[in-house]
Amino acid sequence: MTYQHKPFDTSLVKPEQLWKLTQPLRMYFSPKFFGLEKVDSSKPTLLVGNHTIYGVLDVPLLIAQVYRDKGVLIRTLADHAHYSIPGWRNMLDRTGGVEGTRENCSELMTRGEHIMVFPGGAREVSKRKGEQYQLTWKRRTGFCSMAIQHGYNIVPFAAVGPDDMYDIVLDAEDIKKSVLGKMLRKTGLLDKSSILRGGDLIMPLTRGLGLTMLPRPERFYFAIGDEIDVSRFSGQENDQNALFELRDEVAFAIQALIGELLTVREQDHESGIIRKLLNHL
């Protein structure tokens with residue numbers, strides 16, 4: 001029997017349920033949030049941000065905080081790979097995740113939902129060495145096109161902390177050069193059209209706390225920026241010059257937020273001695 005995913009047929013989690021579900025992450029990473037007042041519960045927008053390594057530990061914290069404080073469950077556009085995993089895809093459905101297709105995005109916008117997207121997708125999640133807090137968007141402009149078409153203003157946001165909870169031992173480039181990489185190439189699994197998308201879906205091998213893969217308890221910092229009005233691009237959803245102009249504006253805003261959060265972290269003296277000691281193991 002072929003599995004047919006129906007992203008809008010699932011009952012969504014309640015604010016208190018999501019808050020309890022994310023409590024262990026909150027205790028471990030002690031997150032700080034800035035600019036949450038810029039999320040207007042009465043005005044749906046497209047939130048666009050940087051994806052951090054592995055991409056699954058920070059996003060739930062931000063969504064849970066906004067849900068509790070603003071009463072808005074942000075619908076996250078998730079990579080197709082998530083929906084090949086039974087059980088996991090069902091949890092994503094219940095917590096607001098939606099498979100990232102143009103059709104699903106259009107449906108969410110028609111419904112007037114708040115939406116979150118990471119243009120870097122799986123490639124930005126599978127960090128290479130030295131790519132902490134870098135945007136890896138290639139030439140993607142789909143989110144800009146959808147925002148213009150549906151009149152959705154864009155709200156940039158950023159996360160700092162997650163990219164420092166691991167040290168990358170081997171990244172995708174190392175793996176592709178290894179014996180394993182040669183085997184994958186021979187089987188066709190490194191083709192652009194394969195499940196590994198030319199290596200974009202090869203996750204890095206990392207070291208966290210001590211010699212383990214347990215993440216270091218880095219404090220997470222989140223910032224939401226000022227809304228970007230897309231009305232000046234009305235009718236230009238297929239104009240590549242307009243799309244790249246808007247994309248660059250959004251990317252610049254996110255990078256500025258990342259810089260601000262890095263400064264905030266340097267000046268944060270409340271993270272605690274035990275946390276600092278653990279992060280140096």
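Placement of Phe252 and Phe244 in two distinct hydrophobic clusters is found when ILVMFWY residues are connected by side-chain heavy-atom separations under 4.5 Å, directly or transitively. Clustering ILVMFWY residues whenever any of their side-chain heavy atoms sit less than 4.5 angstrom apart, transitively, puts Trp19 in a cluster other than the one holding Leu57. Phe33 and Leu257 fall into different hydrophobic clusters, defined by Ile, Leu, Val, Met, Phe, Trp and Tyr side-chain heavy atoms under 4.5 Å apart, directly or through other members.
No donor-acceptor pair closer than 3.5 Å links the side chain of Arg68 to the backbone N or O of Gly71. Of the possible donor and acceptor atoms, one in the side chain of Thr110 sits under 3.5 Å from a partner among the backbone N and O of Ser106. In this structure, Arg75 contributes its side chain and Gly96 its backbone to a donor-acceptor pair below 3.5 Å. Judged by distance alone, the side chain of Arg140 and the main-chain N or O of Gly120 form a donor-acceptor pair under 3.5 Å. A donor-acceptor pair is defined here as one N or O able to donate and one able to accept, closer than 3.5 Å; no such pair exists between the side chain of Asp248 and the backbone of Glu245. Of the possible donor and acceptor atoms, one in the side chain of Tyr166 sits under 3.5 Å from a partner among the backbone N and O of Met213. At least one donor-acceptor pair closer than 3.5 Å links the side chain of Asn90 to the backbone N or O of Gly87. Checked by atom type and distance alone, the side chain of Asp79 never pairs as donor or acceptor with a backbone atom of His82 at under 3.5 Å. The main-chain N or O of Asp200 is found under 3.5 Å from a side-chain atom of Ser126 such that the two form a donor-acceptor pair.
Under 4.0 Å is where a charged nitrogen must lie from a carboxylate oxygen, and between Glu131 and Arg123 at least one such pair does. Classification of Lys20 and Glu16 as a salt-bridged pair fails, no side-chain N sitting under 4.0 Å from a carboxylate O.
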Residues Arg216, Asp164; criterion salt bridge (charged side-chain N to carboxylate O under 4.0 Å, His left out); working and verdict = CA-CA 8 Å; Arg216 290 190 288 266; Asp164 297 297; over 6 Å; no
Using the side chain to side chain contact (heavy atoms under 4.5 Å, CB included) rule, take Arg94 and Gln17 through it: C-alpha gap first, then chi angles, then the decisive distance, then the call.
-> CA-CA 11 Å; Arg94 289 222 56 213; Gln17 293 173 323; 4.0 Å; yes
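Between atom NZ of residue Lys127 and atom CG of residue Asp163 there is a gap of 4.5 Å, rounded to the nearest 0.5 Å. Rounding to the nearest 0.5 Å gives a distance of 12.0 Å between CZ of Arg247 and CD1 of Ile154. For the atom pair Gln255 CD and Ile258 CD1, the distance stands at 6.5 Å (nearest 0.5 Å). Atom OG1 of Thr76 is separated from atom CG of Leu92 by 8.5 Å, given to the nearest 0.5 angstrom. How far NZ of Lys129 is from CD1 of Ile168: 8.0 Å, rounded to the nearest 0.5 Å. Here CZ of Phe143 is found 13.0 Å from CD1 of Ile115. Values are rounded to the nearest 0.5 Å.
The side-chain heavy atoms of Leu25 and Phe220, taken from C-beta on, include no pair separated by under 4.5 Å. Leu243 is listed as a side-chain neighbour of Ile148, based on a closest heavy-atom distance under 4.5 Å. Within the 4.5 Å cutoff, no side-chain heavy atoms of Asn238 are placed close to those of Gln149. In this structure, the side chains of Phe29 and Met165 come closer than 4.5 Å at one or more pairs of heavy atoms. The shortest side-chain heavy-atom distance between Arg102 and Met146 falls under the 4.5 Å cut-off. When side chains are defined from C-beta on, Val264 counts as touching Phe34, because their heavy atoms get closer than 4.5 Å. At a threshold of 4.5 Å between non-hydrogen side-chain atoms, the residues Pro44 and Glu113 do not count as touching.
Within the hydrophobic cluster formed by Ile, Leu, Val, Met, Phe, Trp and Tyr side chains joined at under 4.5 Å, directly or through other members, Val179 is accompanied by Met183.
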Could you pull out every donor-acceptor pair under 3.5 Å between side chains of residues 47-55 and any protein atom, sequence neighbours left out?
residue, atom, partner, partner atom, Å
Asn50, OD1, Ala159, N, 2.9
Asn50, ND2, Ala159, O, 3.1
Thr52, OG1, Asp58, OD1, 3.2
Thr52, OG1, Asp58, OD2, 3.0
Tyr54, OH, Pro204, O, 2.7
Tyr54, OH, Thr206, OG1, 2.8

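By the 6.0 Å contact criterion, CG on Leu214 is enclosed, its count of non-hydrogen atoms from other residues, nucleotides or ligands being greater than 12.
Partners of Glu237 according to the salt bridge (Lys or Arg N to Asp or Glu O under 4.0 Å) rule, which considers only residues two or more places apart in sequence or in another chain, do not exist here.
A side chain to side chain contact (heavy atoms under 4.5 Å, CB included) with Phe222 holds for exactly one of Leu61, Val66, Val59, Val160; it is Leu61.
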